[in-house]
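Starting from 1, each residue takes its place in the sequence as its number.
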Amino acid sequence: MVVADYDEAIQFYTGKLNFVLLEDTVLSETKRWVVVAPKGSPECCLLLAKAANEEQKTRIGNQTGGRVFLFLETDDFHRDYNNMLEKGIFFTRDPKVEPYGTVAVFKDLYGNLWDLVEFW
């Protein structure tokens, strides 16, 4: 995922979404290999890549043209939804019961859209 700043992205994902920092390796003066993952799910992780040029900067927060492209699955929707609200996460779509489970849409630090979902 393209980010504006490594440290602010790490803080958001670990501090607000309770992800775990799996790796933070300096590759050069301007580039790091930063990987975060939801707790208990190290096989599903995000590489946080700092935008390196002006074109990449235009993608920060809108990597899919405004569509949801990431799904954060939970085993307790209301617990996690309420925790996220308490931490200041902005939800663009309120919780809704669907045939497959309960879902709400939230924005990450940069405005990318995610589904928080508990499947039946």
Looking at every non-hydrogen atom in both residues, tell me the closest pair between [X] and [Y] and how far apart they are.
X    : Y    : value
K107 : G111 : CG-O, 4.0 Å
M1   : F69  : CE-CZ, 4.1 Å
T102 : W120 : OG1-CH2, 3.5 Å

F106 and L85: CA distance, side-chain angles, deciding distance, side chain to side chain contact (heavy atoms under 4.5 Å, CB included) verdict: CA-CA 10 Å; F106 69 93; L85 285 175; over 6 Å; no

Please report the interatomic distance OG1(T74) to CE(M84), rounded to the nearest 0.5 Å. 9.5 Å

Distance, nearest 0.5 Å, that separates CG of L113 from CG of N62: 8.5 Å

Going only through I, L, V, M, F, W and Y residues with side-chain contacts under 4.5 Å, is there a path from [X] to [Y]?
X    : Y    : value
L70  : F12  : yes
I60  : V36  : yes
L116 : L109 : yes

Does any pair with a residue in residues 20-36 pass salt bridge (Lys or Arg N to Asp or Glu O under 4.0 Å), and if so which ones, sequence neighbours excluded? D7-R32, D24-R32

Pair listing, salt bridge (Lys or Arg N to Asp or Glu O under 4.0 Å) test, anchored in residues 68-83, at least two apart: D75-R79

Under 3.5 Å, is there a donor-acceptor pair between the side chain of Y6 and the main chain of V34? no

Return yes if some donor-acceptor pair links the side-chain N/O of Q63 with the main-chain N/O of V2 below 3.5 Å, else return no. yes

Let me see the working for V103 and F119 under side chain to side chain contact (heavy atoms under 4.5 Å, CB included), right down to the final yes or no. CA-CA 8 Å; V103 63; F119 294 107; over 6 Å; no

Check: D108/Y13 side-chain N/O donor and acceptor closer than 3.5 Å: yes

Which is it for Y100 and E118 under the side chain to side chain contact (heavy atoms under 4.5 Å, CB included) test, yes or no, and what are the steps along the way? CA-CA 8 Å; Y100 54 83; E118 180 181 7; over 6 Å; no

Test ring-ring contact (aromatic ring centres under 6.0 Å, His included) applied to Y81 - qualifying residues, sequence neighbours left out: F77, F91

Any ion pair linking E98 and K96 (charged N to carboxylate O, less than 4.0 Å)? yes

Given side chain to side chain contact (heavy atoms under 4.5 Å, CB included), test T30 with K50 step by step and report yes or no. CA-CA 9 Å; T30 58; K50 184 176 176 183; over 6 Å; no

Identify all side-chain donor-acceptor contacts of residues 14-21 below 3.5 Å with residues at least two apart in sequence or on another chain.
{"residue": "T14", "atom": "OG1", "partner": "I10", "partner atom": "O", "Å": "2.7"}
{"residue": "K16", "atom": "NZ", "partner": "K87", "partner atom": "O", "Å": "2.5"}
{"residue": "N18", "atom": "OD1", "partner": "K87", "partner atom": "NZ", "Å": "2.9"}

Tell me, please, which residues at least two apart from D115 pass salt bridge (charged side-chain N to carboxylate O under 4.0 Å, His left out). none

Show me the donor-acceptor pairs within less than 3.5 Å that the side chains of residues 38-49 make with the rest of the protein, sequence neighbours left out.
none

